Protein chains: 2
Amino acid sequence: MSTKPASTRDRLTLNAVKLFRQKGYHGVGLAEILAESDAPKGSLYHHFPNGKADLAVAAATLASDMLLQTIDDSFANAPTFREGGTNLCFKLAKFFDISGTWDGCPVSGILFDGPENEVFRDHANSIFTGWLNRVAEHARRLNEPRPDEKAEMLLITIQGAWTLARARRDSDVLRALPSKFLGPCESEA
Amino acid sequence: MSTKPASTRDRLTLNAVKLFRQKGYHGVGLAEILAESDAPKGSLYHHFPNGKADLAVAAATLASDMLLQTIDDSFANAPTFREGGTNLCFKLAKFFDISGTWDGCPVSGILFDGPENEVFRDHANSIFTGWLNRVAEHARRLNEPRPDEKAEMLLITIQGAWTLARARRDSDVLRALPSKFLGPCESEA
DNA sequence: GCACCTCTGGACCGAACGGTCTAGAGCCAT
DNA sequence: ATGGCTCTAGACCGTTCGGTCCAGAGGTGC
């Protein structure tokens, strides 16, 4: 569809991320991914010998890496955990908005909906754990008390708010998270 | 597959809920639902003239009603909002456990993954709003301050924790919610 | 030139998909 | 018994699915 900015492999992976997030693993056909990537079937099975399942794992991994980068960006210059978390929520809200298609969580859409495969479940779990550890790292670095709990809290609320945002087609609930979950306990009226 | 406990229509709807929650809308074929319900194709299209889409809407509605009932049960005899919320988290955790298949949220799996249809999106939104209003009602009845905010907070965290529970195949994160989100602000060490 | 290798292009396949259609079973009222 | 209704039963349809296969384009080293 669009121009060819990168290698065929990268185009396939990137478009797979986009489409899987929109419609889930089973909701997207290979034909659509190939058309969007302007690639023939032979290329797909050259780069991903096991076909759709391989592609999904690669897509989930790529999406996970992008989120890890977003986490790092959010906390890099933040003086406090609260501020870093706020950055993250706002970045994700903006990310949600610019997609224009109210995409789902990259991991849920790709891996939960995937073939009922132990490998997929484990991959999803390890990706979530990776996010959790990364956030907890920043929390620890910023001397936040109970860093693991705080990290889990942040990710749980983001995950839930993202789902609600999807239903409402409105990312405001993501932006409202910090004042509700990261703020001092009883600051607002 | 199993015995016929109810009308064909009810069996179809109930099995649709079960299967859609396990594998999402596109992950389940009509053949599987029909086999599980011991019903022929003609029956499905008699009760649901628009086929799979109709069935999905009916399934989502049924699942939503079941959750509304669980909400009411949780808050019925609870003296405080905190206690009602705790009941809800524990009931859902048990529900998650007994399924044995780490099913997803009934609405997400059925409606987000469904055909890219305005009707489906709106239905998902109205179902979420229904849950929110129901919880807020109980909060108001129990004199909880800021009932709407508290209801939204509870549902967001449940939604997020459910996703994490699915990845981990362990419902403990749901059971741990109350002490983290519903408790007094800084009670634990 | 030639051999070699990576990658592309697309025809082709059987299976599964959602959906249509008609025959008739079973039941009730007349 | 007969006509009319609801619901079941499943054959059948065209389409799309993921996957296989092979011919050959294009580059690189010799």
Side-chain angles (χ1 to χ4, degrees), chain A residues 1-20 22-60 109-117 119-120, chain B residues 1-20 22-60 109-117 119-120:
Chain A
M1 183 66 82
S2 45
T3 56
K4 298 192 179 188
S7 72
T8 303
R9 194 182 200 281
D10 290 347
R11 264 179 294 128
L12 284 170
T13 316
L14 215 51
N15 282 311
V17 169
K18 188 180 74 177
L19 289 168
F20 283 150
Q22 282 174 27
K23 316 199 234 179
Y25 180 83
H26 288 109
V28 186
L30 290 187
E32 191 177 358
I33 299 175
L34 292 170
E36 198 78 8
S37 309
D38 198 16
K41 219 160 215 182
S43 299
L44 197 160
Y45 280 86
H46 171 76
H47 294 292
F48 305 97
N50 288 327
K52 200 182 186 183
D54 270 7
L55 181 57
V57 171
I110 295 172
L111 291 175
F112 284 167
D113 187 29
E116 46 259 60
N117 188 330
V119 178
F120 272 56
Chain B
M1 185 62 82
S2 46
T3 55
K4 298 192 180 189
S7 73
T8 302
R9 192 182 201 282
D10 289 347
R11 264 178 294 129
L12 284 169
T13 316
L14 215 50
N15 282 312
V17 169
K18 187 181 75 179
L19 290 168
F20 284 150
Q22 282 175 26
K23 316 200 233 179
Y25 180 83
H26 288 110
V28 187
L30 291 186
E32 191 177 358
I33 300 176
L34 293 170
E36 197 79 8
S37 309
D38 198 16
K41 220 162 215 182
S43 299
L44 196 160
Y45 281 87
H46 171 77
H47 294 292
F48 305 97
N50 289 326
K52 201 181 186 185
D54 271 7
L55 181 58
V57 171
I110 295 171
L111 291 175
F112 284 168
D113 186 29
E116 45 259 59
N117 189 331
V119 178
F120 272 55

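What's counted below: heavy atoms across the whole structure, side chains too, no hydrogens, waters or symmetry copies. Remember, it's a predicted structure, so these values are computed and weren't measured experimentally. Here is the naming used below: chain letters follow the sequence lines, and residue numbers restart at 1 for every chain.
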Rounded distance (Å) that lies between atom C1' of dC7(C) and atom CG of Leu12(A): 12 Å
Value in whole Å for how far the P atom of dG18(D) lies from CG of Leu55(A): 11 Å
How many Å lie between CG on Asn50(B) and P on dG19(C), as a whole number? 8 Å
Do Phe48(B) and Thr13(B) have side chains that get closer than 4.5 Å, going by heavy atoms? yes
Across the strands shown, which category fits Gly29(A) at heavy-atom distances under 4.0 angstrom: base, sugar-phosphate, nothing? sugar-phosphate
Please state whether the phosphate of dC7(C), meaning OP1 or OP2, lies under 4.0 angstrom from any side-chain nitrogen or oxygen of Thr8(A). no
Per nearest nucleotide of DNA chain C, the residue lying toward the 5' end, Lys41(A) or His46(A), is His46(A)
Rounding to an integer number of Å, can you tell me how far Leu44(A) CG sits from dG10(C) P? 15 Å
Starting at atom CZ of Phe48(A), determine the distance to atom C1' of dG18(D), rounded to an integer number of angstrom. 15 Å
In whole angstroms, the gap separating P of dC13(C) from OH of Tyr45(A) amounts to 17 Å
Any His47(B) side-chain nitrogen or oxygen under 4.0 Å from OP1 or OP2 of dT8(D): yes
Reading DNA chain D from 5' onward, which residue's closest nucleotide shows up sooner: Gly42(A) or Val28(A)? Val28(A)
Backbone N/O of Val28(B) and side chain of His26(A): donor-acceptor pair under 3.5 Å: no
Atom CD1 of Ile33(A) and atom C1' of dC17(D): how far apart are they, to the nearest Å? 12 Å
Check if the side chain of Lys52(B) and the base of dG19(C) share a donor-acceptor pair of N or O atoms closer than 3.5 Å. no
On a heavy-atom basis, the closest approach of Thr8(B) and Ala39(B) is CG2-CB, 3.8 Å
Specify the separation, in whole Å, of atom NZ of Lys23(A) and atom P of dT16(D). 13 Å
Ile33(B) vs Phe20(B) side-chain heavy atoms within contact, under 4.5 Å: yes
Heavy-atom side-chain contact between Leu111(A) and Tyr25(A) under 4.5 Å: no
